[in-house]
Amino acid sequence: MRTWWAGDCSNWSAGYGDGSRQLSAACYRDGSRQLSVGCYGDGSRQLSAACYRDGSRQLSVGCYGDGSRQLSAACYRDGSVERMSQSEVDPAFRVIPKRQTCFLVWRIENLQVVPVPREHYGNFYKGDSYIVLSVRDVKGSIDIHVHFWLGSQTSQDEAGVAAYKTVELDDHLGGAAVQHREVEGQESKVFMSYFKSRNGIKYLEGGVASGFNHVEHTLRERLMQVKGKHHVRIYEVPITWDSMNHGDVFILDLGKVIYIWRGQKASNTEKMQAAKAANTFRGERGGCDIIFVTDGKESELEDEELKLFDKFLPLNQKQVKDIDEAGADDVVERAAAASIKLYLCTDEGGTLKVTEKKTGPLYKSDLNTQDCYIIDNGVAGIWVWAGKESSRTERKESMRNALGFINKKEYPSSTPITRVVQGGEPIEFKCLFKSWPQPQASGKVYIKNRIAKTVQTKFDASTLHSNRLLAAETQMVDDGSGDVEIWRIEDFEMVPLKGIYYGQFFGGDCYIVLYNYKTGGQEHSIIYYWQGLKSTADERGTSALKAVELDDKMGGRAVQVRVVQYKEPPHFMAIFRGRMIIFEGGKAGWNKEERDDGPGDRYMLQVRGTSMLNTKAVQVPMRASSLNSNDVFVIFGARFLYIWCGKGSTGDEREMAKRVAHLSNREQTMVFEGQEKKDFWNVLGGKEDYASDKRLQEEETAQPARLFQCSNASGVFTVDEIPDFTQSDLVSDDVMLLDACHAIFVWVGDGANEEEKRLAQTVAFEYLETDPAHRDPDTPVMKIRQGYEPPNFTGFFGVWDRELWNKGMSIEEMEKDLAEGNQGIQIVKETVEAAGTLGFSEVAKYPYEELAHKPTEELPAGVNPSCKEIHLTEEDFEKVFKMKHSEFLGKPVWKQVQMKKNTGLF
């Protein structure tokens, strides 16, 4: 057998096998032929590729099965052929519907792409590689994701084919797909989200090479670990106590009997998912016993149940790992903001070069359409961005280049790798950038904390609760006309503020604002705690603490919102009907006797907004350089008051300035920019240059909302994103974080533990601090309790069901429901014996009429209700099932059950 040879005109050639030629490759120095590879099995040609230097033919790939050509691709320098035609694409991909949503899975079998039966989606063999395609309609546009999944025991050949075929599939789809490399146990959240409705994904032992098929016709004993809070994974592990821990749920599957062992510290989600998985097995098998076992109470099982359980997991050998040794549930470490880096990838001169361009924060403008880039977010993931005008080689080799990058960086082999193309960037990618401008939308546009200046329409708050999407966009729960009560923090206590001072805030102080309103006959409350930029750390800490205490007194039903000076959300400003004023100084810096005309006799306020719902006035230095052509200013003197109107100011701002001016009984004088008299400039200390450029339209930087499950369990802040979230993803025993870009919502479920509740808002602040996009740390943070969600929160979840958590079945209810389907261990044993050890011809026979559609109590003595079919005569069996009994036994269990149901024998 020839294994290696090199000569003058050929660099290398290899052949293997039992006499047939398995692999041959030749490379010629004369430049005519660069590469040829052939692989033979039964003598037919399997694969050939050639590349010529003369430029005529760049690439040709052929794949033959029975001698006919299956696949061909050519790329010519003259541009005549860009990509393969439909007739030349892999046959497995021809089933993909054009421009339609779909979800398809393929497995690599004997280096070929083979479709996976839909009923087995979510089952992944550790020894195999898979390709997964998701095509979705997202708000009218097609969103395409292609994943290649690599099992921990897959061969390099299978992994290589999966990667190569993923590129081929992407090319077939037009090159716009987001490509993902998935590794067993470290899958992306997007990938895991596909299988939520299938109770998570299941890892199965073996694969094609070891003889395992997708459909198991024989049942075998196995132990499965159920792990995860939102993205549940089910692992097959050795049947031993060493495989188990107190933090997860385990399924001991014995075919006709299933034990669900629940660790003392397992999550409710894991318990629920394990029960659902067991119920699925029961349906596929036509019935089985499901027995719940509590960690530490195994001995309380009934005698027969305990005897069978102890046979596989002897109690005298029980030694279970603690939750700390089990690993965290579905946790991905959030990379520190400073760690993100941008690298430029080029293939100049035919050699790939990777050059570090910058460290974060990153901006969209850093990306050039003619290049490819690697965004290094550490162990949190590697992203490859391909510009539309980058070379074809750079785009095709991007995934392989990224893999080489993580190897060079010595990152874990499981580090996520995702490739995106310009124009098709997903939200997870955009959120790595501090600035990612969005296309200008038509119609009314809401920008950050205020309505766009060009819109001069009356705000109709009555629509907010019927149009929750509008509430979410505008961050308004009503028009601010509810009941208000305000306190200022003084000497670590809440001191009530007089009504005449409502709306006046000092930058050196902190305040508590309680807002109550009604909708649909139900009362709602919001507790705002406003923190001045020059307030002390003690005052800020006290304000947060007092907000919690006030909420506790109200039964925990209020929404808590932290508000930082100058970052006030729209609804907060609406409460004061255009009369909100932020003064300099604070209680400690002024006389004990409060004044009704502000901080002293002389000061100047800048007024900005578009209506009384979003206008506020801020004290600025009393000098001409503080003026701005785009706003209105109110200048207060001892005996005078000027309202200065810039050329770019709006009528609404001028009206709001008049409201602010009415706080004083001084005589008012309206002054328009360009018409000032000498006396006016004298008041400001003389004429100076000031900002007079026309305000440009602010960039719309808002991103779609993102939902996370948060954890501080290991002492390092971690987040677990929930893609394509709905209300059902708000799990009652969790603390969730909704990032709405302009605000952060912390949702506290009723079942969240005390530590999670205590750390809820701390988690949000840490989230902002560690965001790779370098977010504003003063972004408003709103704390919400389950059952008291305002419309500006629920609007992000589509359909919102107020009764959702009352409709769901509890763990105890599900356990009781499943137990009612049990036959008892003794009956199960008899059933197995009747169906297995006794031959078809050895049991008593009865007419079909006596067996079909009969309840258990009316069946002949000795007939087990789950095995009625074996009591038919051979003639009746063939008449009823249209096949022999031996053929029937060859069918999958689920198919047998369905056939029995159809004939009334189940």
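The residues of the chain are indexed from 1 along the displayed sequence.
The salt bridge (Lys or Arg N to Asp or Glu O under 4.0 Å) check on Glu676 picks up nothing, with sequence neighbours excluded. By the side-chain hydrogen bond (donor to acceptor under 3.5 Å, both in side chains) test, Ser481 pairs with Asp479, sequence neighbours left out.
The pair Arg785-Asp551 meets the salt-bridge criterion, with a side-chain N (NZ, NE, NH1 or NH2) lying under 4.0 Å from an Asp/Glu carboxylate O.
Smallest separation of non-hydrogen atoms from Val563 and Phe572: CG2-CD1, 4.4 Å. A pairwise comparison of heavy atoms in Glu789 and Gln786 identifies OE2-CA, 3.4 Å as the closest pair.
Of the residues listed (Val618, Val634, Ile635), the one engaging Met604 in a side-chain contact (heavy atoms from CB on, under 4.5 Å) is Ile635, and it is the only one. The only option from Phe576, Trp487, Tyr511, Tyr566 that meets the ring pair (Phe, Tyr, Trp, His ring centres under 6.0 Å) definition with Trp530 turns out to be Tyr511.
Not less than 6.0 angstrom separates the ring centroid of Tyr515 from the ring centroid of Tyr528. Remark: aromatic rings of Tyr642 and Phe680 are close, center separation under 6.0 Å. Annotation: Phe636 is not in aromatic contact with Phe640 [ring centroid separation under 6.0 Å not met]. Ring pair Phe708/Trp747: centre-to-centre distance not below 6.0 Å.
Between His742 atom NE2 and Asp776 atom CG the span is 13.5 Å, to the nearest 0.5 Å.
Side-chain contact between Val561 and Ile527 is absent, with no heavy-atom pair separated by less than 4.5 Å.
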